[in-house]
There are 2 protein chains.
Amino acid sequence: MTLDNMKLDNITQLFKALSDPIRLRILNLLITKDSFCVCEIVDILGIGQSTISRHLAYLKNSGLVESWREGVWMHYSLIKENMTIIEMENLKLQLEQCDSIIEDNKRLKKGNLACSNE
Amino acid sequence: MTLDNMKLDNITQLFKALSDPIRLRILNLLITKDSFCVCEIVDILGIGQSTISRHLAYLKNSGLVESWREGVWMHYSLIKENMTIIEMENLKLQLEQCDSIIEDNKRLKKGNLACSNE
DNA sequence: TCAATACATCCGTTTATACGTATTTAATAG
DNA sequence: CTATTAAATACGTATAAACGGATGTATTGA
């Protein structure tokens, strides 16, 4: 990565961050509600904790989300200012048509999560 | 890739297609002018023909561009309807600030290409 | 101080993408 | 038909990302 292309590499990185189905499912959650802790995302997506944690780290390194600690829980939320390249409303609509995301949204509404932070 | 997630995989694939600096430079050209043939892109970007050809095939498989033959030349152009998730105007603005893309646009304006189709 | 919960990270492995060089295929001009 | 130019693809290789399971670190509450 040459210094000249810092900027181009940043844009590239934004798209890389969005080019994974699990990260898109996480994004869908963060579009719907202001913030989530890791264990909530683990429960809703039904995917292993280390996997979710790694994807969240990836999103954070790419500048798409920020996080803060609240007791034992790490909360994650979107940084919308860094996503001006994306038509969020259209993305949301497209995501909502995907089977796995429909399921996620159902589990989100029900809210009977196994983790203590709900 | 399960059938259920066809749609999510398509969205993922769109972003994958955008997550490479060379493909973004190609995209920048196709935003600026209606269509390009392969040899023009090769000349403007100064990158090997096989590399460009492979990236164009990738963009095509991802549904971002279409192509047609005109004599010896293959022309490529954007399929804008498939990019409604992207804020094209903002993407354009961001791309135009990148050093390598500034250079591309200079060579595009000059227009003194080596290939016979200019 | 010790146990429990939440989260991050390491390890080994697998898969996807990238590249350059060389070759193959397609169309045209002579 | 043959040579030439344009473009696609095959091959070998290098790097980046993905995963699950195990381990390490932080915070809280008993």
Side-chain angles (χ1 to χ4, degrees), chain A residues 1-2 5 8-9 12-26 29 35-62 64-77 100 113-118, chain B residues 1-2 5 8-9 12-26 29 35-62 64-77 100 113-118:
Chain A
M1 150 152 46
T2 61
N5 285 327
L8 185 54
D9 288 326
T12 304
Q13 190 56 41
L14 167 72
F15 287 122
K16 268 207 220 302
L18 295 169
S19 62
D20 177 277
I22 293 181
R23 289 196 291 270
L24 286 177
R25 288 170 68 188
I26 293 175
L29 295 181
S35 81
F36 282 87
C37 70
V38 180
C39 59
E40 288 175 311
I41 299 175
V42 167
D43 281 351
I44 295 171
L45 301 200
I47 287 175
Q49 176 265 321
S50 77
T51 298
I52 297 297
S53 205
R54 249 186 288 108
H55 281 298
L56 285 169
Y58 196 107
L59 287 170
K60 191 174 177 184
N61 287 333
S62 308
L64 261 115
V65 305
E66 56 195 351
S67 66
W68 66 93
R69 182 177 285 277
E70 212 163 278
V72 203
W73 300 285
M74 290 298 298
H75 288 264
Y76 284 83
S77 69
S100 47
L113 308 179
C115 72
S116 60
N117 182 35
E118 58 168 322
Chain B
M1 153 155 40
T2 61
N5 286 327
L8 185 54
D9 288 327
T12 304
Q13 190 56 41
L14 167 72
F15 287 122
K16 267 204 219 302
L18 295 169
S19 63
D20 177 278
I22 293 181
R23 289 196 290 270
L24 286 177
R25 288 169 68 187
I26 293 175
L29 295 182
S35 82
F36 281 87
C37 70
V38 180
C39 60
E40 288 175 311
I41 298 174
V42 167
D43 282 351
I44 295 171
L45 301 199
I47 288 176
Q49 176 266 321
S50 78
T51 298
I52 297 298
S53 204
R54 251 186 284 108
H55 281 297
L56 285 169
Y58 196 107
L59 287 169
K60 191 174 177 182
N61 287 334
S62 309
L64 262 116
V65 304
E66 57 195 350
S67 65
W68 66 93
R69 182 176 286 279
E70 211 164 278
V72 203
W73 298 285
M74 289 298 297
H75 288 262
Y76 284 83
S77 69
S100 48
L113 308 179
C115 74
S116 59
N117 182 35
E118 59 166 324

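Within every chain, numbering begins at 1; the chains are lettered A, B, ... in the order of the sequence lines, protein sequences first and strands thereafter.
Distance B:Ile26 CD1 to D:dA7 P: 13 Å, rounded to the nearest Å. The nearest whole Å value for the distance from the NZ atom in B:Lys60 to the P atom in D:dA8 is 8 Å. Atoms CE (A:Met74) and C1' (D:dT27) sit 12 Å apart, rounded to a whole Å. Following rounding to the nearest Å, A:Ile41 (CD1) and C:dC7 (P) show an atom-to-atom distance of 9 Å. Rounded to an integer number of Å, the gap from CH2 of B:Trp73 to C1' of D:dA8 is 18 Å. The separation between A:His75 atom NE2 and C:dA8 atom P is 12 Å, rounded to whole Å. Remark: C1' of C:dT9 and CD1 of A:Ile52 are 16 Å apart, rounded to the nearest angstrom.
To the nearest 0.5 Å, the span separating CG on A:Leu45 from CZ on A:Phe36 amounts to 9.0 Å. Put simply, CD1 on A:Ile52 and SG on A:Cys39 are 11.5 Å apart, with the number rounded to the nearest 0.5 Å. Within the model, atoms CG of B:Leu29 and CD1 of B:Ile41 stand 6.0 Å from one another, a figure rounded to the nearest 0.5 Å. Separation of atoms CG (B:Leu24) and CG (A:Leu8) is listed at 5.5 Å; rounding is to 0.5 Å. To the nearest 0.5 Å, atoms CD (B:Glu40) and OG (B:Ser35) are separated by 7.5 Å.
Taking for each of B:Cys39 and A:Gly48 the nucleotide of DNA chain D with the nearest heavy atom, the 5'-most of the two is the partner of B:Cys39.
Counting atom types as modelled, B:Ser53 pairs no side-chain N or O with a base atom of D:dT9 as donor and acceptor under 3.5 Å. Evaluation of atom-type donor-acceptor distances gives no pair under 3.5 Å for the side chain of A:Gln49 against the base of C:dA6.
The shortest side-chain heavy-atom distance between A:Arg25 and A:Ile44 does not fall under the 4.5 Å cut-off. Using a 4.5 Å heavy-atom cutoff, the side chains of B:Leu59 and B:Tyr76 are not in contact. Using a 4.5 Å cut-off on side-chain heavy atoms (C-beta onward), A:Lys16 and A:Tyr58 make contact.
When each of D:dT28, D:dA7, D:dA6 is scored by its nearest atom to the side-chain atoms of A:Val72, the top-ranked nucleotide is D:dT28.
Side-chain N/O atoms of B:Tyr76 include one lying less than 4.0 angstrom from OP1 or OP2 on D:dA8.
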Every protein N/O within reach of nucleotides 11-18 of chain D N/O, cut-off under 3.5 Å:
unit_1	atom_1	unit_2	atom_2	d
D:dA18	OP1	A:Arg23	NH1	2.8
D:dA18	OP1	A:Arg23	NH2	2.9

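Residues from residues 64-71 of chain B lying near DNA chain C, meaning a heavy-atom separation below 4.0 Å, are B:Arg69, B:Gly71 in numerical order.
Shown are A:Leu14, A:Leu56, A:Ile26; of these, the side-chain contact (heavy atoms from CB on, under 4.5 Å) with A:Leu64 is made only by A:Leu14.
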